[in-house]
Amino acid sequence: PPGKWQTLDVVFRAPRFDKTGHKIANARFEKVVHNGVLVHRDVELTEGMGGQVQKPCTAGNRLVLHNPQGLVRT
């Protein structure tokens, strides 16, 4: 519930690019564990995500955590 401490453990592998900037491997969530419960394992991300704005996956993108209900501490 809101205001209660939560844990999120993420093992993320960024996309891979060659020397010319061409993507050669998609990003992956190797493992995502929420409050001790495995929720994702080996999930490939085929495109960039940005909430309502879809962004292409490029070498300059980053992984961002967002919580509309409150503060996210990393």
### Query
Of all residues at least two apart in sequence or in a different chain, which pass the side chain to side chain donor-acceptor pair (under 3.5 Å) check with Asp9?
none

### Query
What's the shortest heavy-atom distance between Lys23 and Asn26, and which atoms?
NZ-OD1, 2.6 Å

### Between CD on residue Glu30 and CZ on residue Arg13, distance to nearest 0.5 Å
4.5 Å

### Query
side-chain contact (heavy atoms from CB on, under 4.5 Å) with Val32: which residues, sequence neighbours excluded?
Leu8, Val10, Phe29, Val39, His40

### Message
Please determine whether side chain to side chain contact (heavy atoms under 4.5 Å, CB included) holds for the pair Asn35 and Trp5, giving the CA-CA distance in whole Å, both sets of side-chain angles, and the decisive distance to 0.1 Å.
### Response
CA-CA 9 Å; Asn35 291 333; Trp5 185 257; over 6 Å; no

### Task
With sequence neighbours excluded, tell me which residues meet salt bridge (Lys or Arg N to Asp or Glu O under 4.0 Å) with Arg16.
none

### Summary
For Asp42, the salt bridge (Lys or Arg N to Asp or Glu O under 4.0 Å) test, sequence neighbours excluded, returns Arg28

#### Entry: Hydrophobic cluster of Leu38, others only, ordered by chain and residue number, side-chain cut-off 4.5 Å
Val33

### Task
Dump the intermediate steps for side chain to side chain contact (heavy atoms under 4.5 Å, CB included) on His34 and Gln6, then the final yes or no.
CA-CA 8 Å; His34 180 243; Gln6 308 287 315; 3.3 Å; yes

